[in-house]
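Take a look at the structure set out below.
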Amino acid sequence: MSDFKGANLKPVKALIKEKTKDGNLSDSDINDIINQTKSLYKDTPLTRQDILDLQKTVNKELDKSVNKSKKNHISTKIIGVIMIFAWLILLPSIIHAFGYVLEMIKNSSGVLTPTTTVTIILYMVCVFICAALSIITGILMLLNKRAWAGRTLYTEIAITGVLLIIIVSLEGVSDAFFITVASMIVEVIISVFLQPKLYQERKFSRKIQDLDTEERAKSGRLGISVDQTKGYIELDFFNLFWIFVVGSILGLIGEYVFHILFVWGFDPANWYDRAGLLFGPFSQIYGFGALFMTLLLNRLRNVQPVLLFIFTTIIGGAFEYVVSWFMETSFGIKAWDYSGYFLNINGRTCLLFAAIFGVMGFVWIKWALPLFMKLLAKIPWKLRYPITFIFTAFMIVNCIMTLQALDCWSQRQAGKQPVTPIEQFYDKNFGDDFMSKRFASMSFNNENSTRSNLEKASN
């Protein structure tokens, strides 16, 4: 915002205190506060510190009033009890199932590979952690410790995300996958709407920051971090989502350029599809790569160039290894093999391609990211939420359908006929011919997948 400092916030703070005295902050209350803020400070815009000060005032006043509200106590306790008993009721069945699995591991020690065994154990650990965190969250809600309950719930959401990856590895895109997705959605909804105070805080924060957003959009600084000690860009969902999308597109373009120059040549007859999703020009591997590079190196943009290149090379190589392992153990798919390359690690990554990732990451962090943020700032700020919502919904559907199509294709390659309606749908609309052209670089070896290994042990 402007360089104006030390705005007299007393009139707005007095209004905030008046509006929050009943423990509630309605949409009309928020609008009244925002309108008065605009009116008072139209000639001397608020600084980021002023905005943070107003947010803290709302948090403080809501804390005072909400703690006196029996209504909020009751609603929090009801949901807390539900979260505790939902897991306590299921716990005996979970323990019985885990006992069965452990017995199977013991009796199939000569069949199960170490990878499958570790994956199964990790699955059980994640389920137990989720159960424990859910119970702890419920207890914290009963004690009206909403802030701590929120933090615990965010941790549970992260563990549930890991659980999703493990389920895909063990069972493919099964019923358990969708049940876990539904569970994560419920967790997110609870984290957002469970605590009225937190929901009202978020709503006020979004409204008051829209003032900052509007001002910074005019000056072309939208998305750039005001406090550079916290990193070059603001790590909010909007910025991170579009980094993923643009990284997916730019990575795919870069891969085509590389293959044309060094592998295929300029004859289009040698070219084939390199996309990573069913729909659109996206390679999600590069999208996630750009995302992780940004998250891990956002604060290190101005370090020595050699150090930055080393960091991006290590991150790129490690990420490529993990993705290769996940695809092979989940679907029996080998998308690349560097076995013949110098300093390769199990054929999953090698020095050359790790260095290529390092160069791409270096260029992204040093030059492409600042340029991208300037272009992103040109999106009219009132359209940011609807556009992002539409594209987010599209990418979620795209990613889930891609996982399902790969899973069904993998099972057909293993000689299994489509039986369920979902399998028949993908067999009809995304059959072997389509998949082999869309994902032409992939080859199958279902013997290497944990799913195949687990099925053998079960039989």
Side-chain angles (χ1 to χ4, degrees), residues 158 161-162 165 223-225 227-263 274-277 281-328 335-376 395 441:
V162 175
I165 296 174
I224 308 300
S225 179
D227 184 357
Q228 292 288 308
T229 63
K230 296 183 179 179
Y232 176 70
I233 71 164
E234 295 173 344
L235 298 178
D236 56 26
F237 177 80
F238 178 83
N239 289 337
L240 295 178
F241 173 75
W242 287 107
I243 284 172
F244 168 76
V245 172
V246 171
S248 298
I249 296 172
L250 292 180
L252 183 61
I253 293 173
E255 189 161 327
Y256 276 119
V257 171
F258 175 84
H259 277 77
I260 289 172
L261 293 177
F262 301 106
V263 181
R274 302 287 302 181
L277 295 176
F282 306 108
S283 179
Q284 70 277 20
I285 292 175
Y286 294 100
F288 282 115
L291 200 61
F292 291 140
M293 289 282 187
T294 303
L295 288 169
L296 296 174
L297 301 176
N298 188 37
R299 295 175 181 235
L300 303 176
R301 178 173 174 267
N302 294 319
V303 300
Q304 290 293 327
V306 173
L307 281 178
L308 183 60
F309 173 71
I310 291 173
F311 291 149
T312 54
T313 299
I314 293 172
I315 294 170
F319 178 69
E320 191 176 31
Y321 186 96
V322 171
V323 170
S324 173
W325 174 85
F326 172 72
M327 292 179 69
E328 191 166 356
W336 57 82
D337 187 358
Y338 302 139
S339 296
Y341 287 81
F342 177 65
L343 287 181
N344 75 86
I345 305 177
N346 298 328
R348 302 189 188 282
T349 189
C350 67
L351 180 62
L352 173 61
F353 283 91
I356 291 174
F357 268 105
V359 172
M360 293 170 63
F362 182 88
V363 171
W364 170 257
I365 294 295
K366 290 294 287 185
W367 298 300
L369 182 59
L371 177 61
F372 168 68
M373 295 309 300
K374 290 181 181 178
L375 294 174
L376 198 62
M395 291 302 288
S441 64

List the atom pairs, with distances to 0.1 Å, where a side-chain N or O of residues 281-290 and a protein N or O form a donor-acceptor pair under 3.5 Å, not counting sequence neighbours.
| unit_1 | atom_1 | unit_2 | atom_2 | d |
| --- | --- | --- | --- | --- |
| Q284 | NE2 | G276 | O | 3.1 |
| Y286 | OH | E255 | OE1 | 2.5 |

Donor-acceptor pairs are to be reported for all side-chain atoms of residues 350-370 against protein atoms at under 3.5 Å, with residues two or more places apart or in another chain.
| unit_1 | atom_1 | unit_2 | atom_2 | d |
| --- | --- | --- | --- | --- |
| W364 | NE1 | T294 | OG1 | 3.0 |
| K366 | NZ | R301 | O | 3.4 |

Quiz: residues 246-253 side-chain donor-acceptor pairs under 3.5 angstrom, not counting sequence neighbours:
| unit_1 | atom_1 | unit_2 | atom_2 | d |
| --- | --- | --- | --- | --- |
| S248 | OG | F244 | O | 2.8 |

* Let me see the working for R348 and I345 under side chain to side chain contact (heavy atoms under 4.5 Å, CB included), right down to the final yes or no. => CA-CA 6 Å; R348 302 189 188 282; I345 305 177; 5.9 Å; no
* Tell me, with the steps shown, if V323 and W336 meet side chain to side chain contact (heavy atoms under 4.5 Å, CB included). => CA-CA 10 Å; V323 170; W336 57 82; 3.8 Å; yes
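Distance check: L295 CG to I243 CD1 gives 7.5 Å after rounding to the nearest 0.5 Å. Separating the CG atom in L291 from the CG atom in L296 is a distance of 9.5 Å, to the nearest 0.5 Å.
Evaluation of the salt bridge (Lys or Arg N to Asp or Glu O under 4.0 Å) rule for E320 yields no partner, not counting sequence neighbours. For F311, there are no ring pair (Phe, Tyr, Trp, His ring centres under 6.0 Å) partners at least two apart in sequence or on another chain. In terms of the side-chain hydrogen bond (donor to acceptor under 3.5 Å, both in side chains) criterion, T313 has no residue partners (sequence neighbours excluded). F309 pairs by the ring pair (Phe, Tyr, Trp, His ring centres under 6.0 Å) definition with nothing, not counting sequence neighbours. Take F342 and apply the ring pair (Phe, Tyr, Trp, His ring centres under 6.0 Å) test, not counting sequence neighbours, and it matches no residue. By the side chain to side chain contact (heavy atoms under 4.5 Å, CB included) test, V263 pairs with F258, H259, sequence neighbours left out.
Considering W325, Y338, Y321 as possible partners of N346, the one that fulfils the side chain to side chain donor-acceptor pair (under 3.5 Å) test is Y321.
Sorted by first and then second residue, the salt bridge (Lys or Arg N to Asp or Glu O under 4.0 Å) pairs with a member in residues 239-249 form an empty list; sequence neighbours excluded. Every pair tested for salt bridge (Lys or Arg N to Asp or Glu O under 4.0 Å) that includes a residue from residues 242-252 fails, sequence neighbours excluded, so the list is empty. Annotation: salt bridge (Lys or Arg N to Asp or Glu O under 4.0 Å) contacts involving residues 350-359, sequence neighbours excluded, are absent.
Residues G316 and M293 share a closest heavy-atom pair of N-CE, 3.9 Å.
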